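First comes the structure, then the notes that go with it.
In the text below, chain A, chain B and the rest are named by the order of the sequence lines, each starting its count at 1. Since this is a predicted model, take the numbers as computed values, not measurements.
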Amino acid sequence: MEELKKVYFIAKKDMGAYYLKPPLISWGLMLPIVFVLAFYFRNPAGIKEVVPGLIGLTLLFSCTSMAAIVITFEKRIGALERLLLAPLEIRTILFGKTLGSSVFGLVITIVITIFLIPIIGLSINYPFSFSLIIILSGIAFSLLGILISVGVKEVFEAMTMSNFFRFPMIFLCGVFFPVPSMPFPLPILSYLLPLTYTVDGLKHCLLEDKGMIPFYLDLLILLGFVFLLFSLSLFIFKKRIRQEF
Amino acid sequence: MNDIIQVRDLTKFYGNTPAIDHISFEVKKGEVFGFLGPNGAGKTTTIRMMVGLTQPSSGTALVDGHDILKEPVEVKKTIGLVPETSNLYGELTALENLIYQAEIYGVPRKERRIKAIQLLEEFGLKEHQDKSFQKLSRGLKRRLTIAAALIHHPKILFLDEPTTGLDVMSARGLRKLILDSKKKGLTIFLTTHYIPEAESLCDRIAIIVQGKIRVVDTPENIRDQMKEAEVLEIGLDRTPEDLKSKLPSVDGIDKIVIDENRIRFHTRRLDQVASPVMRFLEGHGAKIKSINTLSPSLEDAFVKITGLDSELMKIDKPMKAGPE
């Protein structure tokens with residue numbers, strides 16, 4: 001219970017302190033909005049088909065950008081050291097940082113989704129499933145952002161490194177083209193990336209689309225990503241602390 | 001238990017180079033213990049190992065009875081650390097920073113705000129409580145960082161180079177705050193490369209050079225090691241260069257130094273030397289303006305013990321990037 005409270009305090013502080021940081025605004029907010037607007041103005045009628053992908057992208061960019069800020073920015077000013085000095089387990093710090101990044105990403109994503117509903121006549125057929133998929137994806141993306149950020153020193157490095165993963169995901173994860181229609185061996189790469197299952201799950205919830213795989217499998221695979229990324233982040237985080245401190 | 005910190009054979013290697021080389025010492029409950037040494041001596045590394053931020057290569061330490069390797073979380077509950085760089089959160093206000101520290105240290109909800117305000121008042125920061133940390137002056141940032149380290153009622157406060165980079169007034173105010181904290185029963189472990197600071201603040205001092213402790217004692221006892229080098233300084237009405245060659249050979253004078261109108265006799269037998277020297281000077285028509293006996297300073301003792309130039313101790317470390 002005490003640990004959960006501390007997770008909450010870390011997340012609350014991160015959200016309060018960093019939501020206005022310029023790299024976060026540009027990568028975590030502006031970029032997803034630009035994507036949505038670009039597709040809307042190009043073809044207002046056809047945007048509905050790519051909405052699951054756009055929502056997935058929004059979540060990916062906002063969560064990973066926040067994760068990059070809460071880790072790298074604090075490392076640079078020496079504030080991460082304060083957390084390491086406090087009577088906290090490393091996993092508590094990691095939980096806190098993940099929660100802050102996920103909530104930030106989810107808020108941005110939900111706000112953009114709410115705006116999309118009246119504009120394009122979007123309806124969320126299964127709100128509970130929709131919530132599950134975006135929450136699990138948000139956590140997985142935040143952990144991915146943390147995993148990338150713990151190894152670098154500067155915020156811009158974290159953003160650049162994140163883009164190595166984020167940009168290919170735009171094309172590989174079924175955001176604009178269905179994964180099965182991609183030439184071999186690209187689908188193999190697609191199946192290794194979490195955004196693929198976010199987009200597939202969202203298609204189940206938002207479109208009358210049966211998706212690539214059943215919805216419950218999307219959820220299970222994303223859950224697997226969460227466990228895998230958390231274990232990896234914890235391992236790398238502990239290793240980096242031993243090396244850097 | 002009188003010793004609140006017991007350090008045993010603590011060692012840290014970076015590659016093949018020992019940064020800290022098998023050091024052992026104790027810190028008594030309620031004292032101000034100073035780690036004095038030049039930059040690069042291993043002071044910060046020692047502090048970081050004792051507070052659980054850096055893993056020792058070998059050896060260990062007990063902090064308030066808790067092993068730093070086996071019970072790091074218990075150790076962290078007992079201590080507060082003020083690092084060399086004031087590293088609170090620039091975006092939060094002074095009050096928010098203290099409340100956040102209280103939250104992550106598990107201070108009960110009802111006490112958080114009360115304790116934070118009380119510390120702001122004690123540290124002269126009340127009027128700045130709503131200013132963001134990044135807008136405070138360097139001296140105020142330092143004060144707030146110390147206040148933040150005290151929010152959870154630690155038993156031991158670690159201060160790494162507390163006055164480095166501060167102006168004279170801020171440094172003086174900070175030293176007073178440190179002594180006030182000691183009066184309240186806090187044990188203080190501080191590192192410094194300012195010899196006068198160590199002398200004025202510390203009950204006991206460990207002199208550390210190149211990762212090894214050369215001596216651990218009170219400033220008085222360390223100075224006493226230089227007892228043999230007392231100095232009789234006589235001020236004259238003129239430059240006494242011509243007298244130097246004529247001085248009689250008086251037993252007990254080790255060295256004569258002439259500095260403008262002053263002549264200094266380094267001696268181990270001040271009682272035997274004083275009268276013949278003054279008789280000689282008067283006999284040669286020199287008018288004595290002043291007589292001083294100079295006791296050895298901690299600086300003299302430091303130079304003797306370490307073999308280092310005391311000027312080396314006046315060099316500050318280059319400041320790290322951060323919200324100084």
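Contacts between B:L92 and chain A at a heavy-atom distance below 4.5 Å involve the side chain alone, from C-beta outward. Only the side chain of B:P83 comes within less than 4.5 Å of a heavy atom in chain A; its backbone stays farther off. Proximity to chain B (any heavy atom under 4.5 Å) is shown, for A:Y8, by neither the backbone nor the side chain. Neither the backbone nor the side chain of B:E74 comes within less than 4.5 Å of any heavy atom in chain A.
For the atom pair CG (B:D21) and NZ (B:K12), the distance works out to 14.0 Å, reported to the nearest 0.5 Å.
A:S142 and A:S101 share no donor-acceptor pair across their side chains, judged by distance under 3.5 Å alone.
By number of non-hydrogen pairs under 4.5 angstrom with chain A, the leading residue of B:Q101, B:H152, B:E91 is B:E91. Comparing A:E89, A:E74, A:K5 by how many heavy-atom pairs each has under 4.5 Å with chain B, the most go to A:E74.
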Assess the residue pair A:F104 and A:Y18 against the criterion (ring pair (Phe, Tyr, Trp, His ring centres under 6.0 Å)); give the C-alpha distance rounded to whole Å, side-chain angles, the decisive distance to 0.1 Å, and a yes or no.
CA-CA 10 Å; A:F104 177 83; A:Y18 301 129; over 10 Å; no

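If you look at A:F115 and A:Y40, their ring centroids are not closer than 6.0 Å.
Under a cut-off of 6.0 angstrom, the local environment of CD in B:Q210 is sparse, with at most 12 non-hydrogen atoms contributed by other residues, nucleotides or ligands.
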